[in-house]
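What follows is one structure encoded as structure tokens, with my remarks underneath.
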Amino acid sequence: MTGLKVHILLGYLLWVFWFVQPTGKIVFSEDRRIAVLFRRYLDENARKPGLDGYRIQLYFGNEREKAREVKTAFLRQFSDMSAHESYQQPNFRVRVGDFRTRLEALRFLKQVSSSFPAAFVVTDQINLPEIHKP
């Protein structure tokens with residue numbers, strides 16, 4: 001009985017490979033609502049200035065001069081890193097770095113914490129990383 005099943009299966013497979021010829025064309029059909037949702041997704045992401053990531057916040061307060069001092073002090077020590085000063089009434093913020101993962105941000109926080117002990121990791125919209133060509 002087992003041999004008969006194997007012969008039937010082999011016969012069916014030979015028939016499929018022999019008589020069913022592929023046309024070489026693949027036809028996709030999708031619901032129109034999928035295209036609308038995809039377009040909405042693209043439009044929403046185009047409005048974002050960067051991508052979701054992490055930065056290290058060094059200062060948060062209502063003194064503009066203090067924010068600039070903190071930013072300048074950071075850039076003196078870490079000239080190759082980015083520093084971002086922003087104002088959201090009534091406070092100024094200084095955030096540094098553009099880290100894609102929390103682990104990267106935590107590694108850099110260890111380097112910064114001796115000079116900026118109040119620093120901590122925050123989620124933020126980060127700038128797209130530069131692509132270095134060889």
Side-chain angles (χ1 to χ4, degrees):
M1 193 85 145
T2 306
L4 181 61
K5 288 180 182 178
V6 170
H7 284 95
I8 291 173
L9 179 63
L10 286 174
Y12 175 74
L13 290 175
L14 284 173
W15 178 82
V16 167
F17 289 119
W18 186 264
F19 291 107
V20 178
Q21 297 293 321
T23 62
K25 295 181 182 179
I26 299 173
V27 178
F28 290 100
S29 62
E30 66 179 28
D31 193 330
R32 186 182 63 81
R33 294 175 291 180
I34 292 174
V36 170
L37 285 174
F38 186 66
R39 173 53 48 199
R40 189 180 302 164
Y41 171 79
L42 291 177
D43 291 343
E44 187 68 30
N45 283 324
R47 283 188 280 234
K48 289 183 178 181
L51 58 107
D52 294 333
Y54 300 90
R55 288 191 171 142
I56 297 172
Q57 184 161 305
L58 301 179
Y59 176 78
F60 180 81
N62 58 5
E63 299 178 42
R64 175 181 290 187
E65 285 305 314
K66 178 71 173 165
R68 289 196 177 149
E69 289 172 13
V70 169
K71 181 179 176 182
T72 303
F74 173 79
L75 289 173
R76 274 193 207 117
Q77 283 187 310
F78 303 97
S79 59
D80 59 332
M81 291 296 285
S82 59
H84 311 274
E85 183 180 337
S86 63
Y87 177 72
Q88 189 174 18
Q89 192 173 359
N91 294 308
F92 294 90
R93 294 192 282 224
V94 176
R95 293 181 174 179
V96 297
D98 290 311
F99 305 103
R100 296 187 75 176
T101 66
R102 186 173 191 81
L103 183 60
E104 290 174 355
L106 289 171
R107 284 183 188 146
F108 189 69
L109 179 62
K110 284 184 179 182
Q111 295 176 16
V112 172
S113 61
S114 61
S115 300
F116 303 95
F120 59 95
V121 175
V122 295
T123 58
D124 204 351
Q125 289 289 308
I126 64 171
N127 297 329
L128 297 171
E130 294 182 21
I131 298 173
H132 299 286
K133 294 183 180 178

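Computed over heavy atoms, backbone and side chain alike; hydrogens, waters and symmetry mates excluded. This structure is a prediction, so every number in the text was calculated from the model and none was measured.
- Applying the 4.5 Å side-chain rule to ILVMFWY residues, one finds Tyr54, Ile56, Tyr59, Val70, Phe74, Leu75, Phe78, Met81, Tyr87, Phe92, Val94, Val96, Phe99, Leu106, Phe108, Leu109, Val112, Phe116, Val121 in the same cluster as Leu58.
- Shown here are the salt bridge (charged side-chain N to carboxylate O under 4.0 Å, His left out) partners of Arg55, two or more places apart in sequence or in another chain: Asp98, Asp124.
- The salt bridge (Lys or Arg N to Asp or Glu O under 4.0 Å) pairs that include a residue from residues 59-79 are Arg68-Glu85, where partners are two or more places apart or lie in different chains.
- In the hydrophobic clustering (ILVMFWY side chains linked at under 4.5 Å, chained through shared members), Ile34 stands by itself.
- Residue pairs satisfying the side-chain hydrogen bond (donor to acceptor under 3.5 Å, both in side chains) criterion with at least one member in residues 107-120, sequence neighbours excluded, are listed as follows: Gln77-Ser115.
- Applying the side-chain hydrogen bond (donor to acceptor under 3.5 Å, both in side chains) test to Asp80 and every residue at least two apart in sequence or in another chain returns nothing.
- Qualifying side chain to side chain contact (heavy atoms under 4.5 Å, CB included) partners for Thr101, counting only residues two or more places apart in sequence or in other chains: Leu103, Glu104.
- The structure places CG of Asp52 at 8.0 Å from OG1 of Thr123, a figure rounded to the nearest 0.5 Å.
- With sequence neighbours excluded, no residue forms a side-chain hydrogen bond (donor to acceptor under 3.5 Å, both in side chains) with Thr72.
- No side-chain N or O of Ser86 forms a donor-acceptor pair with one of His84 less than 3.5 Å apart.
- The side-chain hydrogen bond (donor to acceptor under 3.5 Å, both in side chains) search around Arg40 returns none, not counting sequence neighbours.
- Every residue two or more places apart in sequence or in another chain that forms a side chain to side chain contact (heavy atoms under 4.5 Å, CB included) with Arg39 is listed here: Leu42, Asp43.
- Asn62 meets the side chain to side chain contact (heavy atoms under 4.5 Å, CB included) test with Asn91; sequence neighbours excluded.
- Residues satisfying the side chain to side chain contact (heavy atoms under 4.5 Å, CB included) test with Arg32, not counting sequence neighbours, are Val36.
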